[in-house]
Structure formats: C-alpha cells, structure tokens
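Letters A, B, ... mirror the listed sequences (proteins, then strands); counts begin at 1.
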Amino acid sequence: MPELPEVETVLRGLKQRVIGRRLGVAQVSHRQIIVGSSVKFVREVSGRRILSARRKGKAIALELGPENANGDSGRRYLLVRLGMTGQLTVNAIAEPVEPHTHARLALEDGGEELRYVDARRFGRLRCLARHELDAVFGGLGPDAREISEEQFQEALLGRSGPLKSWLMNQQMLAGVGNIYADEALYLARLHPLTQAGGISAPDARRLLRALKRVLERAVALQGTSFRDYIDIEGRPGNFLPQLRVYQRTGKPCRRCRQPIERVIISGRSSHFCPNCQPRPRRLRLRRKIKNQRKTKRLAARKSIPQNK
DNA sequence: GCAAGCCTGACC
DNA sequence: GGTCAGGCTTGC
C-alpha cells in the first residue's frame, strides 16, 4: 500500500523518467478517478511539459509548464493520489495494457507513456492551478520525514483519541498509513490505544525517532509490497521482511516471542506486541488533554495578531 | 469477509 | 471543533 516510502520511491522514478518531457494526448478510460471533469482534465494536461515533481505526504504533484496545445496559459499541477492500489508506470506505448489501466498520458520522444493503474480505484488524479495545489498541500500536516520535534510535540497537545489514529491523521502529519504507524509504535514501545495528547515528552521524542527511522529504512528499501505496490519501473519494494508487527498477528514478537495481537482502532486493524507495548493506564487524562487544548488556544491567539 | 486511503456526514 | 463510523472498490 502506498504510504510515504512507496510514494517517495515513485517520485524518484518520475524524476528520472518524466521530468523535462512533454505530455502528448492524455486518455482517460475511467472518469471516476479524475476529480472534476475528465474532459477538462484531458484538455488541461495534454501538450504541457513536465517541469518538476514533488511530494507532500502521500500526494505527488507534477508541475506542468504553461505551454499547452490549446494555448492556455499559466502553470498547472497534476496531483496524484495513489489511494490503496494505485500505480504509476512508464511503459512503451506498444506494451500490452494491464487491466485496470484508467489513464494513459503519452510522453513525447521515445514512444512511451505514463500509465495510471488502480484495481480498487481509490486513487485520484486532478489538474490544479497553483493556488488550488497550495490549498491541498496546506491542508496536510508537515511531511513525516521533515517534521521537527517541536512541531510533533505541538501537534500532539490537546489531542484525545488513540495515538494510532493520530499518526494516520494526514492533517496532523502527512505520509503515515497503517503499516508504518504500527511499525513506529512498536519500535517506540507504545500501545496503539495510548491517548495521543496524554503521552510524555520523552515518549513523543521516542515515537518521532522511531517513525523517522522506520520511514528512512523503508525508503532505502523502496517501500513495502504486499501485492499491489510497484514502482515506476514495475518493481516491488523490499521492506516486507523488515516488518515487525504489521500483518504478523499470532506470530512471535521479534523481541520477546509473545504472539503479536491485533485490535481494531477506528475501523483499521492495528498490530502490536502486548508485552513490549503495554496498555497504559490513563489517570485524569481527560482533564490533562482539556487543559492542553486551552493552553494551545491561548498561545495561538497570542502568536497570531488579530487584524481588525 | 477482509484490507486500505480518503471523503462525507453524524454525533458530542 | 474534534472524533469516528460508513462507503467506496475488488481480489484474495
């Protein structure tokens, strides 16, 4: 499943393979994957040169130059969200088209095309103006690889609800999904149901370090492939054997041999070691989180000058 | 039936 | 405003 390391791997592939190339005619065979009008999408992206590629969290944005077959001006951004099973690949145009290929963007020079394949169609493509892209990226929290310890601690303040859900909340922290949330919690020895706003500063520091460590390792190994995820060249990631808890229910913990357990947290399965990640008792937590929330509000009011 | 990311809407 | 359940989707 594409989370930050998988998306980063795809981004690196895009940088190698498509930057500087001009898009020919785009074809969309399943309108549902396009946000907004697919006709407009095709008109907007066709003929533009791909200038750069960047990422925030799990979202990729390809910057498209102002040159357009229809004389439209101004840059556009092709925003790609892979969802669960989305794949971006560069193929020769003559190559057989895989099932579930929903969009094909011809690449000038070289007889190739960029293909979007997505069995479950949870992913989305959209073409945006600069201010729209800024709004989308602005709605995401800091990228998980880049967030500072101060930002991390600050974002945790006043949050009720399980730490696991918090890690996966893209408005708090961008890029973490189910796999790396479980893995980071295991490395940090924190139970997934721990109240987010209730953890100590040292625990938060340990969690952030664990998260960054697991993300860096996974990036180095091109991500995790269960079945669907492949990079732009069609290669799977190599992080699967490194997983400590994710999808290892009933198997022995690699630290203490206790069987890994699974619990559903806000509709998502969470895997953890009951011995290494003991359930914390929560003492007067409600009040603590409420107070944090109040302090945070006051601080925000102070730092943002009211312009009347 | 389960898995997942993301969006919507219900609830407190 | 924050939190969470539900729905989308299809291969296993």
Side-chain angles (χ1 to χ4, degrees), chain A residues 1-8 10 29-36 55-60 79-88 98-102 116-126 135-141 143-144 154-183 192-198 223-230 236-237 240 243 245-250 262-271 282 285-298 300-301:
Chain A
M1 284 107 236
E3 300 181 32
L4 190 152
E6 294 76 32
V7 176
E8 176 67 24
V10 169
S29 46
H30 211 294
R31 287 200 315 220
Q32 186 204 331
I33 59 131
I34 307 293
V35 177
R55 177 188 69 73
K56 188 168 184 189
K58 304 173 199 171
I60 290 177
L79 184 75
V80 183
R81 289 194 137 133
L82 297 171
M84 254 185 93
T85 54
Q87 304 169 349
L88 274 179
E98 297 284 319
H100 310 299
T101 300
H102 306 309
Y116 182 71
V117 183
D118 190 354
R120 295 190 195 166
R121 305 204 292 268
F122 276 21
R124 292 291 181 265
L125 306 183
R126 56 197 293 204
V136 172
F137 274 16
L140 298 169
D143 186 80
E154 151 85 17
L156 276 165
L157 277 183
R159 291 287 155 174
S160 58
L163 200 45
K164 167 71 185 274
S165 310
W166 182 85
L167 280 169
M168 290 176 63
N169 183 340
Q170 304 300 300
Q171 291 169 286
M172 295 295 120
L173 181 68
V176 181
N178 215 16
I179 298 175
Y180 300 106
D182 280 2
E183 294 297 310
L193 284 171
T194 310
Q195 287 287 300
T224 305
S225 291
F226 270 96
R227 38 179 178 270
D228 296 292
Y229 168 71
I230 53 169
L240 191 66
L243 295 177
V245 285
Y246 186 77
Q247 295 270 305
R248 293 193 68 246
T249 311
R262 190 177 83 111
V263 64
I264 303 293
I265 301 172
S266 48
R268 297 289 173 264
S269 61
S270 296
H271 311 78
R282 26 196 215 143
L285 209 58
R286 277 198 123 83
R287 188 176 303 170
K288 181 179 173 182
I289 289 170
K290 233 179 184 168
N291 283 335
Q292 284 179 355
R293 216 176 262 175
K294 197 170 157 192
T295 317
K296 200 174 166 179
R297 260 204 313 274
L298 291 173
R301 207 170 296 169

Check: A:Leu243 main-chain N/O paired with A:Glu183 side-chain donor or acceptor under 3.5 Å: no
From B:dC2, C:dT10, C:dT3, pick the nucleotide closest to the side chain of A:Ser160? C:dT3
Rounded interatomic separation in angstrom, taking CD1 from A:Ile265 and P from B:dA3: 13 Å
Roughly how many Å is it from OH in A:Tyr229 to C1' in C:dC12, rounded to a whole number? 21 Å
Classify every nucleotide of nucleotides 5-12 of chain B by which part a protein heavy atom approaches to under 4.0 Å, writing B for the base, S for the sugar-phosphate alone and - for neither, in 5'-to-3' order. BBS-----
Separation of C:dG2 atom C1' from A:Leu157 atom CG, nearest Å, is 15 Å
Tell me: CD1 of A:Ile264 to P of C:dA5, nearest whole Å? 11 Å
Just N and O in the side chain of A:Arg120: are any of them under 4.0 Å from OP1 or OP2 of C:dG11? no
Ignoring hydrogens and angles, tell me if any N or O in the side chain of A:Arg31 forms a donor-acceptor pair with the backbone of A:Ile33 under 3.5 Å. no
Rounded to whole Å, CD of A:Glu98 lies from C1' of C:dT10 at a distance of 16 Å
Counting N and O atoms only, with roles assigned by atom type, does the side chain of A:Thr194 sit under 3.5 Å from a partner on the main chain of A:Leu163, one being a donor and the other an acceptor? no
If the cut-off is 4.0 Å, is A:His100 near the phosphate of C:dG11, judged by side-chain N/O to OP1 or OP2? yes
Considering every strand and a 4.0 Å limit on heavy-atom distances, what is the contact class for A:Tyr246: base, sugar-phosphate, or nothing? sugar-phosphate
If I take atom CD from residue A:Gln32 and atom CD1 from residue A:Ile34, how far apart are they, to the nearest 0.5 angstrom? 10.5 Å
State whether A:Gln171 places a side-chain N or O below 4.0 Å from either non-bridging phosphate oxygen (OP1 or OP2) of C:dG2. no
